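Working notes for the structure below.
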Amino acid sequence: MIRSMKILVINAGSSSLKYQVFNMEDESVLCKGACERIGIADSFMKHKLPDGRSKEYREDMHDHGDAIRLVFRALTDPEVGVVKHMDEIGAVGHRVLHGGEKFTASTLVDEKVKAAIREVIPLGPLHNPANLAGIEACEEAMPGVPQVAVFDTAFHQTMPPRAFMYALPYEYYTDHMVRRYGFHGSSHRYVSAEAARVCGREGDPEFKVVTCHLGNGSSFAAVKGGKCIDTSMGITPLEGIPMGTRSGSLDPAILEYLMGRTGMDIHEMTNVLNKKSGMLGLSGKSSDFRDLEKGQEEGDFRCALAREVFVYQGRKLIASYAAAMGGVDCVVFTAGVGENDGDVRQRMVEGLDFMGIAIDPQRNNVRSKLAELSPEGAKVKVWMIPTDEELVIARDTEALVEGKSI
Ligand code: AMP
(Lines give C-alpha, C1' and ligand atoms only; values in the text may rest on other atoms or scores of the structure.)
Protein backbone atom coordinates (compact mmCIF):
# COMPACT_ATOMS: atom_id res chain seq x y z
CA MET A 1 0.00 0.00 0.00
CA ILE A 2 1.57 3.29 -1.06
CA ARG A 3 -1.18 5.65 0.09
CA SER A 4 1.33 8.20 1.34
CA MET A 5 2.90 8.51 -2.08
CA LYS A 6 4.11 11.92 -3.22
CA ILE A 7 3.53 12.45 -6.92
CA LEU A 8 5.21 14.96 -9.18
CA VAL A 9 3.04 16.24 -12.02
CA ILE A 10 4.79 17.74 -15.05
CA ASN A 11 3.20 19.79 -17.81
CA ALA A 12 5.90 20.57 -20.36
CA GLY A 13 5.28 23.13 -23.11
CA SER A 14 7.60 24.14 -25.93
CA SER A 15 9.50 26.72 -23.82
CA SER A 16 7.90 26.25 -20.41
CA LEU A 17 7.51 23.51 -17.82
CA LYS A 18 4.93 23.63 -15.03
CA TYR A 19 5.02 21.29 -12.07
CA GLN A 20 3.13 20.39 -8.89
CA VAL A 21 3.84 17.92 -6.12
CA PHE A 22 0.83 16.18 -4.56
CA ASN A 23 0.68 14.36 -1.26
CA MET A 24 -1.79 11.64 -2.23
CA GLU A 25 -2.65 10.93 1.41
CA ASP A 26 -5.05 13.88 1.29
CA GLU A 27 -4.51 15.02 -2.33
CA SER A 28 -3.01 18.28 -1.08
CA VAL A 29 -0.62 20.30 -3.22
CA LEU A 30 2.77 20.56 -1.49
CA CYS A 31 4.26 23.01 -3.98
CA LYS A 32 3.92 24.20 -7.53
CA GLY A 33 5.98 26.19 -9.95
CA ALA A 34 6.93 26.96 -13.51
CA CYS A 35 10.09 27.19 -15.58
CA GLU A 36 9.83 29.86 -18.25
CA ARG A 37 11.86 30.70 -21.35
CA ILE A 38 13.51 27.28 -21.63
CA GLY A 39 16.04 27.43 -24.46
CA ILE A 40 15.74 31.23 -24.63
CA ALA A 41 17.87 33.91 -22.91
CA ASP A 42 16.93 34.95 -19.34
CA SER A 43 15.21 31.73 -18.35
CA PHE A 44 13.90 31.52 -14.79
CA MET A 45 11.82 29.35 -12.50
CA LYS A 46 9.33 30.35 -9.86
CA HIS A 47 8.63 27.89 -7.04
CA LYS A 48 5.64 28.44 -4.73
CA LEU A 49 4.46 26.94 -1.46
CA PRO A 50 0.84 26.86 -0.25
CA ASP A 51 1.67 29.18 2.69
CA GLY A 52 2.53 31.95 0.23
CA ARG A 53 6.31 31.60 0.38
CA SER A 54 8.08 31.48 -2.97
CA LYS A 55 11.54 31.46 -4.47
CA GLU A 56 12.73 32.51 -7.89
CA TYR A 57 15.67 30.77 -9.53
CA ARG A 58 17.28 32.80 -12.32
CA GLU A 59 19.37 30.27 -14.17
CA ASP A 60 20.08 29.26 -17.73
CA MET A 61 17.90 26.37 -18.86
CA HIS A 62 19.07 25.23 -22.27
CA ASP A 63 16.60 22.37 -22.52
CA HIS A 64 13.93 20.46 -20.59
CA GLY A 65 16.65 18.37 -18.92
CA ASP A 66 18.05 21.55 -17.33
CA ALA A 67 14.54 22.54 -16.28
CA ILE A 68 13.82 19.17 -14.63
CA ARG A 69 17.15 19.28 -12.78
CA LEU A 70 16.31 22.75 -11.49
CA VAL A 71 12.85 21.53 -10.38
CA PHE A 72 14.57 18.72 -8.45
CA ARG A 73 16.86 21.25 -6.77
CA ALA A 74 13.88 23.34 -5.68
CA LEU A 75 12.00 20.27 -4.40
CA THR A 76 14.97 19.40 -2.16
CA ASP A 77 16.01 23.00 -1.37
CA PRO A 78 16.45 23.24 2.46
CA GLU A 79 14.73 26.63 2.36
CA VAL A 80 11.60 25.93 0.25
CA GLY A 81 11.81 22.21 -0.60
CA VAL A 82 9.12 19.61 0.11
CA VAL A 83 11.24 16.42 0.28
CA LYS A 84 14.62 15.56 1.77
CA HIS A 85 15.57 13.22 -1.07
CA MET A 86 14.08 12.80 -4.50
CA ASP A 87 13.43 9.12 -3.72
CA GLU A 88 10.47 10.33 -1.64
CA ILE A 89 8.75 11.04 -4.96
CA GLY A 90 6.97 7.77 -5.78
CA ALA A 91 5.96 8.50 -9.36
CA VAL A 92 5.75 11.18 -12.02
CA GLY A 93 2.65 11.98 -14.08
CA HIS A 94 3.12 13.82 -17.38
CA ARG A 95 0.53 15.72 -19.32
CA VAL A 96 0.96 14.72 -22.96
CA LEU A 97 -0.86 16.75 -25.58
CA HIS A 98 -1.48 14.25 -28.35
CA GLY A 99 -2.06 10.54 -28.05
CA GLY A 100 -3.48 10.11 -31.56
CA GLU A 101 -5.76 7.06 -31.80
CA LYS A 102 -3.39 4.82 -29.84
CA PHE A 103 -4.28 5.99 -26.34
CA THR A 104 -7.78 5.80 -24.93
CA ALA A 105 -6.57 6.22 -21.34
CA SER A 106 -3.53 7.16 -19.28
CA THR A 107 -0.68 4.68 -19.39
CA LEU A 108 2.58 3.75 -17.67
CA VAL A 109 5.48 4.91 -19.82
CA ASP A 110 7.75 2.35 -21.46
CA GLU A 111 9.76 2.37 -24.69
CA LYS A 112 6.68 1.40 -26.75
CA VAL A 113 4.64 4.27 -25.29
CA LYS A 114 7.44 6.72 -26.00
CA ALA A 115 7.62 5.47 -29.59
CA ALA A 116 3.86 5.97 -29.96
CA ILE A 117 4.09 9.53 -28.59
CA ARG A 118 6.92 10.15 -31.07
CA GLU A 119 4.81 8.77 -33.92
CA VAL A 120 2.16 11.46 -33.47
CA ILE A 121 4.64 14.37 -33.25
CA PRO A 122 3.35 15.58 -36.66
CA LEU A 123 -0.05 16.09 -34.98
CA GLY A 124 1.40 17.99 -32.00
CA PRO A 125 4.67 19.41 -33.33
CA LEU A 126 5.22 21.90 -30.51
CA HIS A 127 3.98 19.96 -27.50
CA ASN A 128 4.71 16.28 -28.04
CA PRO A 129 8.50 16.77 -28.37
CA ALA A 130 8.44 18.86 -25.18
CA ASN A 131 6.36 16.21 -23.39
CA LEU A 132 8.82 13.51 -24.49
CA ALA A 133 11.77 15.64 -23.40
CA GLY A 134 10.13 15.99 -19.96
CA ILE A 135 9.64 12.21 -19.71
CA GLU A 136 13.21 11.47 -20.80
CA ALA A 137 14.69 14.06 -18.46
CA CYS A 138 12.84 12.44 -15.53
CA GLU A 139 13.92 8.95 -16.61
CA GLU A 140 17.51 10.11 -16.60
CA ALA A 141 17.32 12.01 -13.33
CA MET A 142 15.24 9.48 -11.38
CA PRO A 143 15.82 6.05 -12.95
CA GLY A 144 13.38 3.34 -11.93
CA VAL A 145 10.67 5.76 -10.76
CA PRO A 146 7.42 4.98 -12.59
CA GLN A 147 6.25 7.58 -15.10
CA VAL A 148 2.73 7.90 -16.38
CA ALA A 149 1.51 9.68 -19.52
CA VAL A 150 -1.91 11.35 -19.32
CA PHE A 151 -3.16 12.39 -22.75
CA ASP A 152 -5.23 15.47 -23.49
CA THR A 153 -6.91 13.52 -26.29
CA ALA A 154 -7.68 10.23 -24.48
CA PHE A 155 -11.09 11.11 -22.99
CA HIS A 156 -12.45 11.98 -26.43
CA GLN A 157 -11.56 8.63 -27.97
CA THR A 158 -15.09 7.34 -27.26
CA MET A 159 -16.48 9.68 -29.95
CA PRO A 160 -18.26 7.77 -32.74
CA PRO A 161 -17.01 8.14 -36.34
CA ARG A 162 -19.89 10.45 -37.26
CA ALA A 163 -18.47 12.95 -34.73
CA PHE A 164 -14.76 12.50 -35.37
CA MET A 165 -14.65 12.19 -39.17
CA TYR A 166 -14.05 15.23 -41.37
CA ALA A 167 -15.83 15.11 -44.70
CA LEU A 168 -12.60 14.80 -46.68
CA PRO A 169 -11.42 11.95 -48.93
CA TYR A 170 -11.42 8.93 -46.59
CA GLU A 171 -7.76 8.18 -47.37
CA TYR A 172 -6.69 11.26 -45.45
CA TYR A 173 -8.00 9.52 -42.35
CA THR A 174 -6.49 6.10 -43.06
CA ASP A 175 -3.18 7.35 -44.47
CA HIS A 176 -2.61 10.64 -42.64
CA MET A 177 -4.43 10.37 -39.30
CA VAL A 178 -6.74 13.28 -40.23
CA ARG A 179 -9.74 13.22 -37.85
CA ARG A 180 -11.07 15.10 -34.85
CA TYR A 181 -9.20 14.21 -31.65
CA GLY A 182 -10.25 16.91 -29.19
CA PHE A 183 -8.21 18.32 -26.29
CA HIS A 184 -8.59 19.41 -22.63
CA GLY A 185 -9.66 15.78 -22.10
CA SER A 186 -8.59 15.61 -18.44
CA SER A 187 -10.61 18.73 -17.70
CA HIS A 188 -13.78 17.55 -19.49
CA ARG A 189 -13.44 14.17 -17.80
CA TYR A 190 -12.99 15.69 -14.33
CA VAL A 191 -15.82 18.21 -14.48
CA SER A 192 -18.28 15.83 -16.16
CA ALA A 193 -17.62 13.26 -13.42
CA GLU A 194 -18.05 15.97 -10.79
CA ALA A 195 -21.30 17.01 -12.48
CA ALA A 196 -22.62 13.44 -12.21
CA ARG A 197 -21.62 13.41 -8.54
CA VAL A 198 -23.24 16.74 -7.59
CA CYS A 199 -26.39 15.86 -9.54
CA GLY A 200 -26.59 12.45 -7.86
CA ARG A 201 -26.35 10.66 -11.25
CA GLU A 202 -23.03 8.78 -10.93
CA GLY A 203 -22.96 5.69 -13.13
CA ASP A 204 -26.18 6.69 -14.93
CA PRO A 205 -25.69 5.89 -18.66
CA GLU A 206 -28.38 8.45 -19.56
CA PHE A 207 -26.86 11.42 -17.71
CA LYS A 208 -26.14 14.08 -20.35
CA VAL A 209 -23.71 16.93 -19.70
CA VAL A 210 -22.35 19.75 -21.83
CA THR A 211 -18.97 20.80 -20.43
CA CYS A 212 -17.76 24.31 -21.34
CA HIS A 213 -14.02 24.67 -20.71
CA LEU A 214 -13.53 28.41 -21.21
CA GLY A 215 -9.96 29.54 -20.68
CA ASN A 216 -7.23 30.98 -22.81
CA GLY A 217 -7.96 27.93 -24.93
CA SER A 218 -11.62 26.94 -24.97
CA SER A 219 -13.44 23.75 -25.86
CA PHE A 220 -16.85 22.14 -25.35
CA ALA A 221 -17.76 18.50 -24.94
CA ALA A 222 -20.96 16.46 -25.03
CA VAL A 223 -20.65 13.75 -22.39
CA LYS A 224 -23.30 11.06 -22.10
CA GLY A 225 -23.07 8.45 -19.35
CA GLY A 226 -19.50 9.56 -18.61
CA LYS A 227 -18.40 9.08 -22.23
CA CYS A 228 -17.49 11.85 -24.62
CA ILE A 229 -19.64 11.71 -27.74
CA ASP A 230 -18.52 14.99 -29.33
CA THR A 231 -16.10 17.83 -28.72
CA SER A 232 -15.28 21.11 -30.39
CA MET A 233 -11.50 21.03 -30.87
CA GLY A 234 -10.25 19.07 -33.84
CA ILE A 235 -7.09 17.48 -35.19
CA THR A 236 -5.39 20.38 -33.39
CA PRO A 237 -6.65 22.77 -30.68
CA LEU A 238 -7.37 25.40 -33.35
CA GLU A 239 -10.91 24.26 -34.15
CA GLY A 240 -14.12 25.21 -32.37
CA ILE A 241 -15.09 28.39 -30.58
CA PRO A 242 -12.84 31.47 -31.06
CA MET A 243 -10.33 31.63 -28.16
CA GLY A 244 -7.84 34.02 -26.61
CA THR A 245 -5.65 34.16 -29.71
CA ARG A 246 -6.98 31.26 -31.83
CA SER A 247 -9.52 31.83 -34.57
CA GLY A 248 -11.56 28.71 -33.92
CA SER A 249 -13.56 27.29 -36.85
CA LEU A 250 -13.74 29.26 -40.08
CA ASP A 251 -14.31 28.78 -43.77
CA PRO A 252 -11.12 27.01 -44.96
CA ALA A 253 -11.26 28.98 -48.25
CA ILE A 254 -10.22 32.06 -46.24
CA LEU A 255 -6.65 30.75 -46.16
CA GLU A 256 -6.03 30.75 -49.91
CA TYR A 257 -7.93 34.00 -50.33
CA LEU A 258 -5.96 35.86 -47.67
CA MET A 259 -2.63 34.37 -48.64
CA GLY A 260 -3.26 35.59 -52.20
CA ARG A 261 -4.14 39.08 -51.07
CA THR A 262 -1.45 39.58 -48.43
CA GLY A 263 1.46 37.46 -49.69
CA MET A 264 1.58 35.51 -46.42
CA ASP A 265 2.94 31.98 -46.73
CA ILE A 266 1.20 29.06 -45.01
CA HIS A 267 3.38 29.35 -41.88
CA GLU A 268 2.59 33.03 -41.46
CA MET A 269 -1.08 32.31 -42.07
CA THR A 270 -1.14 29.50 -39.49
CA ASN A 271 0.64 31.76 -37.03
CA VAL A 272 -2.08 34.39 -37.51
CA LEU A 273 -4.78 31.77 -36.89
CA ASN A 274 -3.10 30.51 -33.72
CA LYS A 275 -1.55 33.62 -32.20
CA LYS A 276 -3.18 36.75 -33.59
CA SER A 277 -6.84 35.86 -33.99
CA GLY A 278 -9.70 35.10 -31.60
CA MET A 279 -10.35 37.69 -28.89
CA LEU A 280 -7.01 39.40 -29.58
CA GLY A 281 -7.67 39.70 -33.29
CA LEU A 282 -11.24 40.91 -32.94
CA SER A 283 -10.55 43.40 -30.15
CA GLY A 284 -7.11 44.50 -31.33
CA LYS A 285 -6.39 44.92 -27.61
CA SER A 286 -6.01 41.74 -25.65
CA SER A 287 -6.67 38.02 -25.45
CA ASP A 288 -7.53 38.34 -21.76
CA PHE A 289 -11.22 38.49 -20.86
CA ARG A 290 -10.49 40.87 -17.96
CA ASP A 291 -9.14 43.44 -20.44
CA LEU A 292 -12.05 42.86 -22.81
CA GLU A 293 -14.60 43.46 -20.07
CA LYS A 294 -12.82 46.66 -19.04
CA GLY A 295 -12.60 47.74 -22.69
CA GLN A 296 -16.31 47.10 -23.17
CA GLU A 297 -17.14 49.12 -20.05
CA GLU A 298 -15.09 51.98 -21.49
CA GLY A 299 -17.14 51.84 -24.70
CA ASP A 300 -14.67 50.01 -26.95
CA PHE A 301 -16.96 48.41 -29.55
CA ARG A 302 -14.34 45.86 -30.68
CA CYS A 303 -13.92 44.53 -27.13
CA ALA A 304 -17.70 44.25 -26.92
CA LEU A 305 -17.80 42.53 -30.32
CA ALA A 306 -15.14 39.98 -29.32
CA ARG A 307 -17.12 39.00 -26.21
CA GLU A 308 -20.36 38.89 -28.20
CA VAL A 309 -18.85 36.55 -30.82
CA PHE A 310 -17.51 34.33 -28.02
CA VAL A 311 -20.79 33.97 -26.13
CA TYR A 312 -22.80 33.55 -29.35
CA GLN A 313 -20.60 30.73 -30.64
CA GLY A 314 -20.63 29.12 -27.20
CA ARG A 315 -24.43 29.30 -26.98
CA LYS A 316 -24.75 27.57 -30.35
CA LEU A 317 -22.38 24.80 -29.21
CA ILE A 318 -24.33 24.19 -26.00
CA ALA A 319 -27.58 23.88 -27.95
CA SER A 320 -26.06 21.70 -30.67
CA TYR A 321 -24.56 19.31 -28.11
CA ALA A 322 -27.94 19.01 -26.40
CA ALA A 323 -29.28 18.04 -29.84
CA ALA A 324 -26.43 15.56 -30.34
CA MET A 325 -27.29 13.84 -27.05
CA GLY A 326 -31.08 14.04 -27.47
CA GLY A 327 -31.31 16.25 -24.38
CA VAL A 328 -29.23 17.73 -21.62
CA ASP A 329 -29.34 17.36 -17.83
CA CYS A 330 -26.46 19.61 -16.86
CA VAL A 331 -24.28 22.39 -18.29
CA VAL A 332 -20.91 22.95 -16.63
CA PHE A 333 -18.71 26.04 -16.80
CA THR A 334 -15.04 25.71 -15.95
CA ALA A 335 -11.47 27.09 -16.48
CA GLY A 336 -10.20 30.67 -16.19
CA VAL A 337 -13.08 32.43 -17.95
CA GLY A 338 -15.78 29.90 -17.01
CA GLU A 339 -14.85 30.10 -13.33
CA ASN A 340 -14.45 33.88 -13.11
CA ASP A 341 -16.52 35.68 -15.69
CA GLY A 342 -20.14 35.60 -14.57
CA ASP A 343 -21.19 37.94 -17.36
CA VAL A 344 -19.87 35.53 -20.03
CA ARG A 345 -21.65 32.62 -18.30
CA GLN A 346 -24.92 34.50 -18.08
CA ARG A 347 -24.82 35.67 -21.68
CA MET A 348 -23.77 32.29 -23.04
CA VAL A 349 -27.02 30.72 -21.88
CA GLU A 350 -29.17 33.73 -22.80
CA GLY A 351 -32.19 32.64 -24.80
CA LEU A 352 -31.70 28.97 -23.99
CA ASP A 353 -34.55 28.97 -21.48
CA PHE A 354 -36.68 27.38 -24.22
CA MET A 355 -34.51 24.30 -23.58
CA GLY A 356 -34.78 24.69 -19.81
CA ILE A 357 -31.27 26.17 -19.50
CA ALA A 358 -31.01 29.30 -17.36
CA ILE A 359 -28.77 30.93 -14.75
CA ASP A 360 -29.99 32.66 -11.59
CA PRO A 361 -28.19 36.06 -11.51
CA GLN A 362 -27.85 35.93 -7.71
CA ARG A 363 -26.33 32.46 -7.71
CA ASN A 364 -24.08 33.49 -10.61
CA ASN A 365 -22.33 36.04 -8.41
CA VAL A 366 -19.59 33.56 -7.54
CA ARG A 367 -15.99 32.84 -8.45
CA SER A 368 -13.73 29.80 -8.54
CA LYS A 369 -15.75 27.53 -6.30
CA LEU A 370 -18.16 24.69 -6.83
CA ALA A 371 -21.60 26.26 -7.17
CA GLU A 372 -25.00 25.56 -8.66
CA LEU A 373 -26.03 28.46 -10.91
CA SER A 374 -29.40 27.33 -12.22
CA PRO A 375 -32.57 28.56 -10.50
CA GLU A 376 -34.05 26.49 -7.68
CA GLY A 377 -35.82 23.44 -9.07
CA ALA A 378 -34.57 23.89 -12.65
CA LYS A 379 -34.87 20.81 -14.84
CA VAL A 380 -31.50 21.41 -16.45
CA LYS A 381 -28.82 22.09 -13.86
CA VAL A 382 -26.10 24.63 -14.54
CA TRP A 383 -22.97 24.32 -12.41
CA MET A 384 -19.68 26.07 -12.07
CA ILE A 385 -17.10 23.42 -11.32
CA PRO A 386 -13.46 24.46 -10.92
CA THR A 387 -11.32 22.15 -13.02
CA ASP A 388 -8.17 20.44 -11.78
CA GLU A 389 -6.24 18.79 -14.58
CA GLU A 390 -3.18 18.28 -12.38
CA LEU A 391 -5.23 16.34 -9.82
CA VAL A 392 -6.56 14.09 -12.60
CA ILE A 393 -2.98 13.42 -13.67
CA ALA A 394 -1.90 12.70 -10.06
CA ARG A 395 -4.87 10.35 -9.46
CA ASP A 396 -4.29 8.43 -12.71
CA THR A 397 -0.60 8.16 -11.90
CA GLU A 398 -1.27 6.80 -8.42
CA ALA A 399 -3.87 4.34 -9.73
CA LEU A 400 -1.62 2.98 -12.47
CA VAL A 401 1.39 2.67 -10.17
CA GLU A 402 -0.78 0.74 -7.71
CA GLY A 403 -1.95 -1.53 -10.54
CA LYS A 404 -5.56 -0.32 -10.48
CA SER A 405 -7.59 0.32 -13.59
CA ILE A 406 -8.77 3.87 -14.30
P1 AMP B 1 -6.95 29.33 -18.27
O2 AMP B 1 -6.46 29.10 -19.67
O3 AMP B 1 -8.00 28.37 -17.85
O4 AMP B 1 -5.84 29.47 -17.27
O5 AMP B 1 -7.69 30.76 -18.31
C6 AMP B 1 -6.97 31.95 -18.44
C7 AMP B 1 -7.90 33.04 -18.88
O8 AMP B 1 -8.95 33.20 -17.93
C9 AMP B 1 -7.26 34.42 -18.93
O10 AMP B 1 -6.62 34.63 -20.17
C11 AMP B 1 -8.46 35.33 -18.78
O12 AMP B 1 -8.99 35.61 -20.04
C13 AMP B 1 -9.44 34.54 -17.99
N14 AMP B 1 -9.62 35.04 -16.62
C15 AMP B 1 -8.86 34.81 -15.55
N16 AMP B 1 -9.33 35.48 -14.46
C17 AMP B 1 -10.42 36.17 -14.89
C18 AMP B 1 -11.36 37.04 -14.27
N19 AMP B 1 -11.25 37.37 -12.99
N20 AMP B 1 -12.36 37.54 -15.03
C21 AMP B 1 -12.47 37.22 -16.34
N22 AMP B 1 -11.62 36.40 -16.97
C23 AMP B 1 -10.62 35.87 -16.26
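Only heavy atoms go into these numbers, but all of them, side chains included; no hydrogens, no water, no symmetry mates. Not measured: the values here are computed from a predicted model. Whatever order the structure lists them in is the order used to number ligands and atoms, beginning at 1.
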Could you tell me if E101 and Y173 have a donor-acceptor pair between their side chains, going purely by distance under 3.5 Å? yes
What pairs meet the salt bridge (charged side-chain N to carboxylate O under 4.0 Å, His left out) rule with one or both residues in residues 299-328, with sequence neighbours excluded? K285-D300, R307-D341, R307-D343, E308-R347
What do you reckon, are the aromatic ring centroids of Y181 and F164 less than 6.0 Å apart? no
How are the rings of F151 and F103 set relative to one another: parallel (under 30°), tilted (30 to 60°) or perpendicular (over 60°)? parallel
Output for ligand 1, non-hydrogen cut-off under 4.0 Å, lists G215, N216, D288, F289, R290, A335, G336, V337, N340, D341, R367
Atom pairs and distances, side-chain donor-acceptor, residues 38-48, under 3.5 Å, sequence neighbours left out:
residue : atom : partner : partner atom : Å
S43     : OG   : E59     : O            : 2.8
S43     : OG   : M61     : N            : 2.8
H47     : ND1  : Y19     : OH           : 2.7
H47     : NE2  : V80     : O            : 3.1

With a 3.5 Å cut-off and sequence neighbours excluded, list the donor-acceptor pairs that the side chains of residues 209-217 form with protein atoms.
residue : atom : partner : partner atom : Å
T211    : OG1  : H188    : ND1          : 2.8
T211    : OG1  : A221    : O            : 3.4
H213    : ND1  : S187    : OG           : 2.8

